[in-house]
Amino acid sequence: MTRLGYAAGVRDAHLSMKQHPDFETAELITSGGVFHALQGTARAVRRKVELDLPSKHCYLEFEWRNSIEDEGHGAIHDHQLSESCWMEIGYSSGFLSTCIGGDIVVREIQCGAQGASECICVARFSHEWDDVSNDLKYLDPGYLSELATRRPTIPTESHPAPVSTSEETSAADSGRVLIGRSGTFDAVLQQVRRVGKTTATVLLLGESGVGKTALAMHIHESSERREMPFVEVNCAAIPESLLESELFGVEKGAFTGASASRSGRFEEAHGGTLFLDEIGLLPPAAQGKLLRVLQNQKYERLGSNRTQQADVRLIAATNNDLGTAVRAGSFRSDLFYRINVFPITVPPLRSRLGDLPLLIDHLVSTFCERYRRTPKGLTPNAYRAMLHYDWPGNIRELENVIERAVILADDGEALDVRHLFTSDAQFRGIGLHWLDERGKLVGRETNSTETSKEPLAPEATAWFEAAIQQPGHSLEQIEQAVVMATLRAYDGNLIKTAQHLGVTRAQIDYRIKKWGVDPKLLASS
Ligand SMILES: [Zn+2]
């Protein structure tokens, strides 16, 4: 229930931010936001608000009156519970973490389920509480799977052993992080936990930068082979002619340049895990050899007759659609079926934006520590820009963006949009402007991600060229013609027109008022 609430809170926070793009963080939380949104399940009353984002201080105290959860759970458990508003705790944690852009943990310090007239809650940054492992375990998918497998004979008072939270599993060495509480990401972690203990071949699918390497390491570390080597091969990074010797090793004199015998990655990974990244780009000859090893666990070094026994757990990853590659004949179908034993699709960052606050929080402190920088938090505008950006390069891009910003910002200065993004970055649905390095106001307003950045098609360009052959057209007249044509095409619908032209509704509104156009008259019916 806590997790369910958390997910709902994240979603509602995104909605609120969309509805009130001009609100500061504090306004978002207090005026609309959490107090308003909780009305359905409890009557929320604000008691105390202390919020200082740059120094990462948060103390919000609020009451819930007539909580549905108190009544429900309280009655079932005969009012023996210490706290019972699980969904509301989750909801406000998710909502506040998303609005504030940090890891906010909400605790119920008095609950109506014990007979009090109202519940009292306090929200603080996780680092401001003593030990939050107990709070966080309810947000951790590992705890859920443990609950599901726990035998009913265990008395309910006994506290389960603390389960590592997602945060602790971050693969710090690889620089890529496995952090997240969103449903989509949890689903991935659940699958990883499940398959990790086995020796099954795993196929990780997903765009580049989503953290496939970190997941592969995590699978290795949760397997019984964790003491043995983890060997990574990026199939795209090795020239085709060297790939086989790289994988299987080479005997001295096998070809010109093979001046010494050398083991391959299969040999290095013996007893451990071999991670083949970008397997979709494996050349056909290497595909055949790999298939043979997978079929009978045997291989030879290049130029050697001595057959060696392979003992590796294979994890493969690709951002190509292997099914299509098989149909196109560029990837062997028999190899595809061999490696497609346990496919896990890793979602792109833009489909798990609810995880951004935690990721940002983690990365900012990681890079501050690494570069010994002390920037003063993140501006609300910077945070909002990150929430409205599409992240085509996924987690890797997020890491790069934050690393760069931490280096660029002066100590004591808050990280702002200009530290994070260049002036041509595109954001979804918000009018976002900021000052660039030279103090110039920059920024884009787009309502649509579908607006193409490509130049116009030749026919369209030719049409415009013909139109301006006639003398005396001002830019505004041409603009008016384009806007009016678009409006007519959408029956006078301002929102669709704005989306089509990649501007805001307000910009269209402003223009047609200036031109004295009534959009209702443009509707065809
Ligand atoms: Zn309560």
Side-chain angles (χ1 to χ4, degrees), residues 1-13 15-16 26 28-51 58-100 102-141 143-144 146-147 155-160 162-163 165 181 183 354 357:
M1 297 193 87
T2 311
R3 286 174 48 72
L4 205 63
Y6 191 93
V10 169
R11 200 189 48 226
D12 283 2
L15 270 175
S16 290
L28 208 54
I29 293 164
T30 52
S31 54
V34 73
F35 302 106
H36 179 73
L38 279 170
Q39 300 289 326
T41 47
R43 198 153 67 80
V45 182
R46 181 188 348 158
R47 284 166 67 121
K48 196 170 178 188
V49 178
E50 281 171 29
L51 194 59
C58 166
Y59 186 95
L60 306 174
E61 194 177 305
F62 42 99
E63 280 172 25
W64 290 327
R65 295 190 191 150
N66 311 104
S67 159
I68 307 180
E69 288 195 273
D70 281 354
E71 291 165 18
H73 308 319
I76 292 167
H77 295 279
D78 203 19
H79 300 280
Q80 297 298 307
L81 297 164
S82 56
E83 51 181 55
S84 74
C85 298
W86 304 309
M87 192 125 74
E88 277 140 77
I89 288 174
Y91 181 91
S92 33
S93 301
F95 188 93
L96 293 168
S97 295
T98 307
C99 290
I100 291 172
D103 197 1
I104 299 290
V105 171
V106 176
R107 273 185 198 167
E108 206 172 15
I109 54 175
Q110 171 189 303
C111 183
Q114 304 152 293
S117 57
E118 69 275 304
C119 309
I120 300 175
C121 296
V122 171
R124 314 176 77 171
F125 276 105
S126 59
H127 68 86
E128 294 182 295
W129 291 109
D130 37 6
D131 175 16
V132 290
S133 53
N134 199 50
D135 305 78
L136 294 183
K137 79 178 178 202
Y138 298 108
L139 298 171
D140 178 34
Y143 179 67
L144 291 187
E146 194 210 25
L147 268 187
T156 45
E157 313 82 78
S158 86
H159 289 285
V163 177
T165 64
R181 287 173 193 162

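Counting convention: from 1, in listed order, for ligands and their atoms alike. From a predicted model like this one, the values you see are computed outputs, not experimental measurements.
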> When you measure from the side chain of S97 to the backbone N and O of D103, does any donor-acceptor pair fall under 3.5 Å?
Replying inline: no
> With a 4.5 Å limit on heavy-atom distance, are the side chains of F95 and V106 in contact?
Replying inline: no
> Are any N, O or S atoms from E108 nearer to the Zn ion (ligand 1) than 2.8 Å?
Replying inline: yes
>> On a heavy-atom basis, which atom in R181 and which in L136 lie closest, and how many Å separate them?
In response: NH2-CD2, 3.1 Å
> Does the pair E61 and R47 meet the rule for a salt bridge (charged side-chain N to carboxylate O under 4.0 Å, His left out), with working shown?
Replying inline: CA-CA 5 Å; E61 194 177 305; R47 284 166 67 121; 2.9 Å; yes
>> Below 2.8 Å, can you find an N, O or S atom of C121 next to the Zn ion (ligand 1)?
In response: no
> Rounded to 10°, how many degrees is the angle SG/C119-the Zn ion (ligand 1)-SG/C85?
Replying inline: 110°
